[in-house]
Every structure is written in structure tokens, then in C-alpha cells.
Enquirer: 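Dropping a structure here in C-alpha cells format, bear with me for questions.
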Amino acid sequence: MKRPRPRTLYAYFFAAVGIAAATEIRYLLNPDLGEHLVFSMYYLAVSLAGWAGGFTPALVTALFSSVLANYLFTEPRGILQIDNTEDLCALILFIVVSLVIGILSELSLRAQARAREAEQQKDDFLAILAHELRNPLAIIHYTNLAEDRSKLAGQPARSEI
């Protein structure tokens, strides 16, 4: 079985912290918001999970958040049921926007990985180039140094002989 990457584990940690924070904030704002903006507090959790791990953690966070928000903040509370179209539309919109956040996060992580790889290839190329240029340049340098010393000593340089 393939062991998950540490970055993915961090993503799920960020997701859990984000979900807990969003739930607490939504609970504190519940007297003011009532049944409005049920899922909106969970966008931050989805964004954190996507930033840390890409598409899959963002999707898992969105699904878990939607179930939790439905259970805690939609009427009838305490059961997984959506009775009105407003809540259903809000849920669908939340899932769609969360998918977009997850896709964009995945694309961003892949672009960052490609940039790191390109920078590593550039560094490798410059190291090889510096090494390969060192030998011919050393010969030229020592030839010039020998000519300068022979001129200082008053002897004709090799090219003059």
C-alpha cells in the first residue's frame, strides 16, 4: 500500500482545523445569520485544504463540510435532510465552487512543482557548464600568466620565439 505524502497529511490537518474553525464561527454567528449563508463559512476550510494538498483534500473537505453544515445549521436540525430549494441551491453552489477551488489549487501546486523542477534543471546545467568551461579557461589563464611573467623577467614569450 502506498504511504501518503507528508504534504497530503498536512492538507488534511489544515482541513480539519479549517472545518472546526468554520463551524465555530458559523455557530457564533448563528443568531445573526439564522438559516442564511449556511455553507459560506466553509470556503476557507476548502481553500486551506486545496492550498496544502490540491484537489482531493479540497474535495474531501467540501463533502465533509457540506454534511456537517447540513446537519448543524439547516432546518430541520440534527438530521441530514434538505427540505427547501434555497438550501439545495446553496449546497449545489457550495460544491461547485469548492470543486473549482480544488481544481485551481491542484493546477497551482503542479505549476509550482514544474517551476521547482525547471529551476533544479537550470542549476544542474549551470554547474555542468561551469565545470566544462573551467578546463579550457584554466589553460588560457595559465598561458597568459606565463606570458606576463616572462615579460616581467625580460624573456621573450613563447609566442615570440
Side-chain angles (χ1 to χ4, degrees), residues 1-30 33 35-74 80 82 85-149 158-159:
M1 185 167 107
K2 186 178 176 184
R3 185 176 176 162
R5 298 176 300 167
R7 183 169 181 90
T8 306
L9 295 177
Y10 289 127
Y12 290 110
F13 172 76
F14 282 127
V17 169
I19 289 170
T23 303
E24 184 65 27
I25 292 168
R26 181 63 176 90
Y27 179 74
L28 292 173
L29 294 176
N30 198 41
L33 295 176
E35 289 190 37
H36 303 289
L37 302 173
V38 173
F39 303 101
S40 62
M41 299 300 167
Y42 294 96
Y43 286 120
L44 180 61
V46 173
S47 298
L48 281 173
W51 168 78
F55 179 75
T56 305
L59 177 64
V60 169
T61 304
L63 294 175
F64 188 73
S65 296
S66 62
V67 169
L68 186 63
N70 183 21
Y71 185 79
L72 294 175
F73 302 113
T74 60
L80 295 176
I82 295 181
T85 25
E86 182 183 341
D87 288 341
L88 182 62
C89 289
L91 175 63
I92 292 170
L93 181 65
F94 174 73
I95 296 295
V96 168
V97 171
S98 296
L99 289 174
V100 170
I101 290 171
I103 290 168
L104 293 176
S105 298
E106 183 70 29
L107 291 174
S108 174
L109 289 175
R110 288 182 184 185
Q112 289 173 356
R114 283 194 308 270
R116 279 192 299 274
E117 183 180 328
E119 187 168 342
Q120 182 61 43
Q121 289 175 351
K122 176 199 66 151
D123 291 345
D124 292 345
F125 171 75
L126 289 176
I128 291 170
L129 181 66
H131 178 72
E132 293 299 325
L133 287 176
R134 191 176 315 140
N135 290 335
L137 289 176
I139 293 170
I140 294 170
H141 173 70
Y142 287 118
T143 302
N144 286 336
L145 188 61
E147 287 179 2
D148 289 343
R149 285 186 180 170
R158 284 188 164 189
S159 59

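Scope of the values below: all heavy atoms of this structure, side chains included, with no hydrogens, waters or symmetry mates.
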Enquirer: Tell me, please, which residues at least two apart from T74 pass side-chain hydrogen bond (donor to acceptor under 3.5 Å, both in side chains).
Expert: N70

Enquirer: For residues 15-25, which residue pairs qualify under side-chain hydrogen bond (donor to acceptor under 3.5 Å, both in side chains), counting only residues two or more places apart or in two chains?
Expert: T23-Y42

Enquirer: Counting only pairs under 3.5 Å, give me each side-chain donor-acceptor contact of residues 59-67, with atom names and distances, residues two or more places apart or in other chains.
Expert:
from	atom 1	to	atom 2	distance (Å)
T61	OG1	P57	O	2.7
S65	OG	T61	O	2.7
S66	OG	A62	O	3.2
S66	OG	L63	O	2.8

Enquirer: Could you check whether any side-chain heavy atom of L48 comes within less than 4.5 Å of a side-chain heavy atom of V17, counting everything from C-beta outward?
Expert: no

Enquirer: Check residues 96-109 and write down every donor-acceptor pair under 3.5 Å in which the side-chain atom is one partner and the other belongs to a residue at least two apart or another chain.
Expert:
from	atom 1	to	atom 2	distance (Å)
S98	OG	F94	O	2.7
S105	OG	I101	O	2.8
E106	OE1	F55	N	2.9
E106	OE2	R110	NE	3.1

Enquirer: How many angstroms lie between atom CG of N30 and atom CD1 of I25, to the nearest 0.5 angstrom?
Expert: 13.5 Å

Enquirer: Name the one of L68, V38, L72 that satisfies side-chain contact (heavy atoms from CB on, under 4.5 Å) with R26?
Expert: V38

Enquirer: Do you know the tightest heavy-atom contact between A45 and A15?
Expert: CB-O, 4.3 Å

Enquirer: Working to the nearest 0.5 Å, report the span between CG of L37 and OH of Y43.
Expert: 9.5 Å

Enquirer: Which pairs of donor and acceptor atoms, one on a side chain in residues 118-127, lie under 3.5 Å apart (sequence neighbours left out)?
Expert:
from	atom 1	to	atom 2	distance (Å)
Q120	NE2	D124	OD1	2.9

Enquirer: Is there a side-chain contact between Y12 and T56 (heavy atoms, below 4.5 Å)?
Expert: yes

